[in-house]
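Down below is the structure, laid out as C-alpha cells.
Because only heavy atoms are used, hydrogens play no part in the values below, and waters and symmetry mates are left out as well, while side chains stay in. As the structure is a computational prediction, the values presented were derived from the model and not from experiment. Below, chain A is the first sequence line, B the second, and so on; all start at residue 1.
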Number of protein chains: 2
Amino acid sequence: MSVLTDAREAGDADAAAPVGASVRNRILDHAQALFAEQGYAGTSTRAIAQGAGVNLAQLHYYFGAKRDLFKAAYLRGAAHVTEARSRALDQARAEHPDGDIPLERLVRAFVEPFMLNTATPEGRATMAMHARLHTEPDDIGKEVLAQVYDETTLAYTEAFRRALPHLSFETACWRLYFMMGAYRYTLMRTGRLEAMSGGLCDSGDFARAVEEIVPFLAAGLKAP
Amino acid sequence: MSVLTDAREAGDADAAAPVGASVRNRILDHAQALFAEQGYAGTSTRAIAQGAGVNLAQLHYYFGAKRDLFKAAYLRGAAHVTEARSRALDQARAEHPDGDIPLERLVRAFVEPFMLNTATPEGRATMAMHARLHTEPDDIGKEVLAQVYDETTLAYTEAFRRALPHLSFETACWRLYFMMGAYRYTLMRTGRLEAMSGGLCDSGDFARAVEEIVPFLAAGLKAP
DNA sequence: GTCTATATGGGGATAGAC
DNA sequence: GTCTATCCCCATATAGAC
C-alpha cells in the first residue's frame with residue numbers, strides 16, 4: 001500500500017522519510033512505528049511529525065486530534081489483516097466441505113495471518129499495536145478492536161467450538177482466551193525469548209513462531 | 001504489609017486514603033493502582049499525589065523521580081510474589097525427591113503464585129503492573145523484571161526442561177515463551193473473556209483461571 | 001516532614017499569514 | 001496545503017518558608 005523504509009528507524013530524526021510518499025502516508029507510517037514501540041501515551045504528536053518530516057499543523061490538518069490519528073494509523077494496517085483472516089478461514093473451510101476442520105488446521109488459520117503480516121515494517125508495526133492494544137488508556141483499544149476484529153473473531157470462535165465439542169462452553173472460552181494471550185505476547189517481541197534461550201531463539205522469526213505455536217496451542221485446546 | 005482500601009477507587013478524589021496508613025504507603029498504594037490501570041506514561045505524579053491525599057512535594061521527598069516511584073511501587077508488591085514462587089517450587093520439589101516433578105504439578109507451581117496473588121487489591125495491582133511491564137517505555141520493564149524475577153524464573157525454566165526431555169532446547173524455550181504470554185494476558189483482565197463468553201465467564205475469577213490454565217498449558221508444553 | 005510557590009519544559013491544539 | 005508563531009494547559013521537579 002505504501003512504500004516505506006524500516007519503521008524502526010523512526011527515532012533517528014527524519015532520515016526515514018521517503019520523498020516520494022504522500023504526506024498522509026508518511027505521517028501514518030511514523031505514527032504506526034512510534035505508537036507500536038511506545039504506546040499511545042508514550043508517543044507525542046510532535047515526535048510523529050518530526051519523524052515524518054512535516055510540521056505539527058499539517059498533522060492536525062490531515063488527521064485532527066491525536067486520538068483520531070491513532071485510530072487511523074491502526075485501522076489502515078488492520079484492514080489487511082482482517083481480510084487475510086477472513087480468507088484464511090474461508091480456505092480452511094473450503095478444504096473441509098463437511099464442516100469439520102481439524103484443530104491444527106484451524107489454529108494455523110487463526111494465527112498465521114497475524115504472524116505473517118509481520119513480513120513488512122508496516123505490518124510489524126500494526127501487529128505490535130494490535131498486541132498492546134489492551135494496555136492503552138481510555139479504552140482506545142476496545143473501541144478500535146470492536147471496529148475491526150469482532151466479526152471475524154466471532155466466526156473463528158464458532159469454528160473452534162465446533163472443532164472442540166468435548167469441551168464445555170466455558171472451558172472453551174477460557175482456552176481461546178489463553179490462546180489470545182500467547183499469540184499477542186509473541187507478536188510484541190518482548191525480548192524474553194532471547195533472554196531465556198541465551199540468544200539461540202529469535203522472537204522476530206515469525207515463520208518459526210507459527211510452526212512452534214500451532215502444535216502448542218492445538219494440544220492445549222484439545223486437552224481433556 | 002499495608003492496610004488498604006480497594007485500589008480501584010483511586011480515581012475518586014482522595015476518598016480512598018485511609019487515615020491510619022503512613023504517607024509512604026498511601027503513596028505506594030495509589031501509585032500501584034494507577035500505574036496498573038494506565039501504565040507508566042499514562043499516569044501523572046499529580047494524580048497519584050491527589051489520590052493519596054498528599055501534595056506533590058511530599059511525593060518527591062519520599063521517592064524522588066517518577067521513575068523511582070514506579071520501581072518502588074512495583075518492587076514492594078513483587079517481593080511477595082517472588083517469595084511465593086520460590087516456596088511453590090521448593091514444595092513441588094519436596095513432593096518429588098527423585099527430581100521428577102510431573103508437568104502438571106510444575107505448571108501449577110509456576111502460575112499459582114501469580115494468580116492467587118490477586119486475592120488482595122494491592123496484589124491485583126502488582127500483577128497488573130507485572131502483566132503490562134513489557135509495554136512500558138524506556139525499558140523500565142526490563143530493568144525491574146531483571147531485578148526481581150530472573151533468578152526464580154531461571155530455576156523454573158530448568159525444572160521445566162527437566163520435565164520436558166523430549167523437546168529440543170529451542171522448542172522448549174518457545175513453549176515457555178508462549179506460556180508467559182498466556183498467563184500474563186490472563187492477569188490483565190482485558191475484558192475479552194467476558195466479551196467472548198457473553199458474560200458467562202469472569203476473568204477476575206483467578207482460582208478458576210488456575211484450574212483452566214493448568215491443563216491447557218501442560219498439554220501444550222508436552223505436545224509431540 | 002509538610003506545604004506553597006514556582007521554575008522549566010513538553011504536550012495538544014489552533015490562528016492566521018502565505 | 002503549508003508553515004510560523006503562539007495559546008494554554010499539564011507535567012516533572014525543586015526552592016525555600018514553616
Can you give me every donor-acceptor pair (side chain of residues 42-49 of chain B, partner residue at least two apart or in another chain, under 3.5 Å) with its distance?
residue: B/Thr43; atom: OG1; partner: B/Leu34; partner atom: O; Å: 3.1
residue: B/Thr43; atom: OG1; partner: B/Gly39; partner atom: O; Å: 2.7
residue: B/Ser44; atom: OG; partner: B/Ala47; partner atom: N; Å: 3.1

Of the residues in residues 62-75 of chain A, which ones touch DNA chain C at a heavy-atom distance under 4.0 Å?
A/Ala65, A/Lys66
Restricting to salt bridge (charged side-chain N to carboxylate O under 4.0 Å, His left out), what partner residues turn up for A/Lys71, sequence neighbours left out?
A/Glu143
Applying salt bridge (charged side-chain N to carboxylate O under 4.0 Å, His left out) to A/Glu211 and not counting sequence neighbours gives A/Arg108
So for A/Arg46 and C/dG12, does any side-chain atom that can act as donor or acceptor lie under 3.5 Å from a complementary atom in the base?
yes
Using a 4.0 Å cut-off to any heavy atom of chain B, which nucleotides of DNA chain D are the first and last in contact, reading 5' to 3'?
D/dA11 to D/dA15
Who pairs with A/Asp138 by salt bridge (charged side-chain N to carboxylate O under 4.0 Å, His left out), at least two apart in sequence or on another chain?
none
Should the ring pair B/Phe110 and B/Phe114 be called parallel, tilted or perpendicular, given that the plane angle runs from 0 to 90° and is split at 30 and 60?
perpendicular
Who passes side-chain contact (heavy atoms from CB on, under 4.5 Å) against A/Asp139, sequence neighbours left out?
A/Lys142
Double-helix bend of the helix from C/dG1-D/dC18 to C/dC18-D/dG1, axes at both ends from 5 pairs, round to 10°, gives 10°
side-chain contact (heavy atoms from CB on, under 4.5 Å) involving B/Asn55 - partner list, sequence neighbours excluded
B/Ala57, B/Gln58
Starting at atom OH of A/Tyr61, determine the distance to atom P of C/dA15, rounded to an integer number of angstrom.
15 Å
Suppose we screen for salt bridge (charged side-chain N to carboxylate O under 4.0 Å, His left out). Which residues come up paired with B/Arg132, at least two apart in sequence or across chains?
B/Glu136
Test side-chain contact (heavy atoms from CB on, under 4.5 Å) applied to B/Ala92 - qualifying residues, sequence neighbours left out
B/Ile101, B/Arg105, B/Ala109
What residues, two or more places apart in sequence or in another chain, satisfy side chain to side chain donor-acceptor pair (under 3.5 Å) together with A/Tyr183?
A/His130
Could you state the CG-P distance from A/Leu59 to C/dG11, rounded to the nearest angstrom?
13 Å
